[in-house]
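Below, all heavy atoms of this structure are taken into account, side chains as well, without hydrogens, waters or symmetry copies.
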Amino acid sequence: MKLGERQVLTVVKKVDFGVYLGSDEERVLLPKKQVPDGIEAGDPIEVFLYKDSSDRMIATTKMPKITLGGLAVLEAVDVGRIGAFLDWGLEKDLLLPFKEQTAKVEKGDRCFVSLYIDKSGRLCATMKVYPLLRSDSPYKKNDTVRGTVYEISREYGVFVAVDDKYSALIPKREVYAKVSIGQQIEARVAAVKADGKLDLSVRGRIPEQMDTDAQKIMERIEKSGGILPFTDKADPDRIRDELGMSKAAFKRAVGRLLKQGKIKIDEEQGKILQSGINRV
């Protein structure tokens, strides 16, 4: 019998409160409310094995959202003294211990996790999934991919599970907007590294992205009455915080708008002004 896995077991005995599955040497209870109609001793049945609230092995015909060693996005339905509890489709919620969290989990959060057996023989979830992700994705440079954010590192950037199974990273230099654990994102493959892992960018290729950035700058200027209170000489952090783009991208977009005659720069005041608007 394999804890945490789907398996086919044989009915060995019927009792008032359910049926026992397995063999004469090893057996597990399938509670009465889970027993299909008409089942008899000797019949096979597919079940999932886990432990109940009394820490006893028990069978269920319900199939959880994750099995041993698998990966899935699960919602936190509660937070207790020893960790968060996730909805995995069974009556007893799945424990995500504090020590297995890569970020503090609150009720309602979406967590990308794997299922493992802890030292006491219980099924638990872990957010430390990096070693379990594959590096043989079919994607190539400039492909658009979708994935789940599962870890955020100040040193390296944002770790993403593409298709919830392939290893990818948005490098720190490419992170221009706030992201959160469990967030679903769409990104472009910036590079496929030698080990097969993906580097991602949430921005498009430079020619197309320049148009998008220029449009964002113009919308911001128009919303502010025709003025942007800083120029491309501003601190990179201010540009990132205000517009969600790098200083280099900002300078490229400003250059395009200048060539198009849509803006002008007031160097003395350190502002960018919308062309065609007269001011006293």
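Of all non-hydrogen atoms in Leu200 and Pro171, the two that sit nearest each other are O-CD, 3.4 Å. Taking both residues in full, the closest heavy atoms of Leu96 and Cys111 are given as CD2-SG, 4.2 Å, listed atom of the first, atom of the second, then distance. Closest of all the heavy-atom pairs between Val79 and Val105 is CG2-O, 3.5 Å. Residues Val73 and Arg110 come closest through the heavy atom pair CG1-NH2, 3.3 Å. Pairing each heavy atom of Ile217 with each of Ala253, the nearest pair is CD1-CB, 3.6 Å.
Side-chain N or O atoms of Ser114 include one that pairs as donor or acceptor with a backbone N or O of Gly70 at under 3.5 Å. Judged purely by atom type and a 3.5 angstrom limit, Lys92 uses its side chain to pair as donor or acceptor with the backbone of Asp52. The backbone N or O of Lys197 sits less than 3.5 Å from a side-chain atom of Asp195, completing a donor-acceptor pair. Side-chain N or O atoms of Glu100 include none that pairs as donor or acceptor with a backbone N or O of Ala125 at under 3.5 Å. Using modelled atom types, one side-chain atom of Thr102 and one backbone atom of Tyr150 make a donor-acceptor pair closer than 3.5 Å. Between the side chain of Arg220 and the backbone N or O of Glu242 there is at least one donor-acceptor pair closer than 3.5 Å. At distances below 3.5 Å, not a single donor-acceptor pair connects side-chain atoms of Lys99 with backbone N or O atoms of Gly83. Checked by atom type and distance alone, the side chain of Thr231 pairs as donor or acceptor with a backbone atom of Lys233 at under 3.5 Å. Put simply, the side chain of Lys51 gets close to the backbone of Gly121: a donor and an acceptor are under 3.5 Å apart. The backbone N or O of Leu243 lies less than 3.5 Å from a partner atom in the side chain of Lys216, making a donor-acceptor pair.
Side-chain contact check for Asp163 versus Tyr139: some heavy-atom pair is nearer than 4.5 Å.
Rounding to the nearest 0.5 Å gives a distance of 10.5 Å between NZ of Lys271 and CG of Leu228. Within the model, atoms NZ of Lys141 and CZ of Arg188 stand 7.5 Å from one another, a figure rounded to the nearest 0.5 Å. With rounding to the nearest 0.5 angstrom, the CG atom of Asp235 is 7.0 Å from the NZ atom of Lys247. Note that CG of Leu86 is 8.0 Å distant from CG of Leu95, once rounded to the nearest 0.5 Å. For the atom pair CE of Met218 and CD of Gln274, the computed distance is 4.5 Å after rounding to the nearest 0.5 Å. The distance from atom CG of Asp93 to atom CG of Asp87, rounded to the nearest 0.5 Å, is 6.5 Å.
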Start with the C-alpha distance between Asp136 and Arg134, add both sets of side-chain angles, then the distance that settles salt bridge (charged side-chain N to carboxylate O under 4.0 Å, His left out), and finish with yes or no.
CA-CA 6 Å; Asp136 59 344; Arg134 293 164 50 181; 3.0 Å; yes
side-chain contact (heavy atoms from CB on, under 4.5 Å) between Leu29 and Arg56, worked out:
CA-CA 10 Å; Leu29 177 68; Arg56 296 171 300 191; over 6 Å; no
Could you give me the CA-CA distance, side-chain angles and deciding distance for Thr126 and Val113, then say whether side-chain contact (heavy atoms from CB on, under 4.5 Å) is met?
CA-CA 5 Å; Thr126 178; Val113 298; 5.9 Å; no
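The hydrophobic cluster containing Ile66 also contains Leu90, counting ILVMFWY residues as joined when their side-chain heavy atoms lie under 4.5 angstrom apart, directly or transitively. One hydrophobic cluster holds both Val28 and Leu3 under the rule that ILVMFWY side chains link at heavy-atom gaps under 4.5 Å. When the side chains of ILVMFWY residues are joined at heavy-atom separations under 4.5 Å, either directly or via intervening members, Val19 and Leu9 end up in a single hydrophobic cluster. No single ILVMFWY cluster, assembled from side-chain heavy atoms under 4.5 Å apart, contains both Ile185 and Phe112. Both Val145 and Val179 are members of a single hydrophobic cluster when ILVMFWY side chains are connected at heavy-atom separations under 4.5 Å.
Applying the ring-ring contact (aromatic ring centres under 6.0 Å, His included) test to pairs two or more places apart or on separate chains, those with a residue in residues 67-99 are Phe48-Trp88.
With sequence neighbours left out, the ring-ring contact (aromatic ring centres under 6.0 Å, His included) criterion links Phe230 to Phe250. In this view, Lys193 and Asp199 satisfy the salt bridge (charged side-chain N to carboxylate O under 4.0 Å, His left out) rule, not counting sequence neighbours. Take Lys140 and apply the side chain to side chain contact (heavy atoms under 4.5 Å, CB included) test, not counting sequence neighbours, and it matches Asp143.
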Just list the side-chain donor-acceptor pairs under 3.5 Å for residues 30-43, sequence neighbours left out, or say none.
unit_1 : atom_1 : unit_2 : atom_2 : d
Lys33  : NZ     : Glu91  : OE1    : 3.4
Lys33  : NZ     : Glu91  : OE2    : 2.8
Gln34  : OE1    : Thr60  : OG1    : 2.9
Gln34  : OE1    : Thr61  : N      : 2.9
Gln34  : OE1    : Thr61  : OG1    : 2.7
Asp43  : OD2    : Glu40  : N      : 2.8

Could you list the donor-acceptor pairs under 3.5 angstrom formed by side chains in residues 153-160, with sequence neighbours left out?
unit_1 : atom_1 : unit_2 : atom_2 : d
Ser153 : OG     : Glu155 : N      : 3.1
Ser153 : OG     : Tyr156 : N      : 3.0

